[in-house]
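Input: a single structure, listed below in structure tokens.
Values reported hereafter were calculated over all heavy atoms of this structure, with side chains retained and with hydrogens, waters and symmetry mates removed.
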Amino acid sequence: QVQLVESGGGSVQTGGSLKLSCAASRNMYLMGWFRQAPGKLRERVASIVIYRGTTYYADSVKGRFTISQDNAKNTLYLQMNSLKPEDTAMYYCAAGSLCPAGSRCEQISAREDAYEAWGQGTQVTVSS
């Protein structure tokens, strides 16, 4: 099973930036970032289909966050700009093997059961 290790979390003020990294033991077809705030369900933040370069974002982060992958380094990134207090959460990297072609991939990639491996999480805290 692929191993995932996140890094890059921390504390910033509103409007600041952070870049999360996720080192994978090998490349997977579908990679994603999820987050979970206290008392809330885990939600998909962004996903990328590696060999298509297709990306998907939650509406709440569109235009502020960018997901990317360095295939040579087996590393997934999440660049987070214009951070808000509501972005405060534990952020998790996830990896999956499949995503259907076409528009169904956007729906499937938002589901936790599309991913078979998870990292331990990295905390992001945004203060006002």
Residue pairs passing the side chain to side chain donor-acceptor pair (under 3.5 Å) test where at least one lies in residues 14-26, sequence neighbours excluded: S17-N81
Contact summary for M31 and I67, nearest pair of heavy atoms: O-CD1, 4.1 Å
Contact check, side chains of V124 and L20, non-hydrogen atoms, under 4.5 Å: yes
side-chain contact (heavy atoms from CB on, under 4.5 Å) partners of A110, counting only residues at least two apart: R44
Cluster overlap F65 with L76, hydrophobic side-chain contacts below 4.5 Å: yes
ring-ring contact (aromatic ring centres under 6.0 Å, His included): pairs with one or both residues in residues 16-36, sequence neighbours excluded: F34-Y115, F34-W118
Heavy-atom donor-acceptor pair, T88 side chain to V126 backbone, under 3.5 Å: yes
C105 and V49: CA distance, side-chain angles, deciding distance, side chain to side chain contact (heavy atoms under 4.5 Å, CB included) verdict: CA-CA 9 Å; C105 183; V49 180; 3.5 Å; yes
Transitive ILVMFWY side-chain link M28 to I50, under 4.5 Å: yes
Donor-acceptor pair between E116 and S97 side chains, under 3.5 angstrom: yes
Closest heavy-atom pair and its distance - M90, Q123: SD-N, 3.5 Å
Contact summary for V2 and A117, nearest pair of heavy atoms: CG1-CB, 3.3 Å
Evaluation steps, side chain to side chain contact (heavy atoms under 4.5 Å, CB included), between R64 and M80: CA-CA 6 Å; R64 300 189 298 122; M80 305 185 294; over 6 Å; no
Close side-chain approach of E6 and Y91, heavy atoms under 4.5 Å: no
A24 to L4 - nearest heavy-atom pair and separation: CB-CD2, 3.6 Å
Test item: S60 and E86 side chains (from C-beta on) under 4.5 Å apart, heavy atoms: no
Heavy-atom pair with the smallest gap, counting every atom of L83 and L18: CD1-N, 3.8 Å
A23 versus T75, closest heavy-atom pair with distance: CA-OG1, 4.3 Å
Test log, rule side chain to side chain contact (heavy atoms under 4.5 Å, CB included), inputs L78 and R35: CA-CA 12 Å; L78 184 68; R35 68 185 180 187; over 6 Å; no
Pairs satisfying disulfide (SG to SG under 2.5 Å), at least one member in residues 35-91, at least two apart: none
Disulfide (SG to SG under 2.5 Å) pairs, two or more places apart, involving residues 28-93: C22-C93
Any residue meeting side chain to side chain donor-acceptor pair (under 3.5 Å) with K62, in chain and number order, not counting sequence neighbours: D59
Value rounded to 0.5 Å, distance of CG in N74 from CG in N27: 4.0 Å
Distance (rounded to the nearest 0.5 Å) between Y56 OH and S47 OG: 8.5 Å
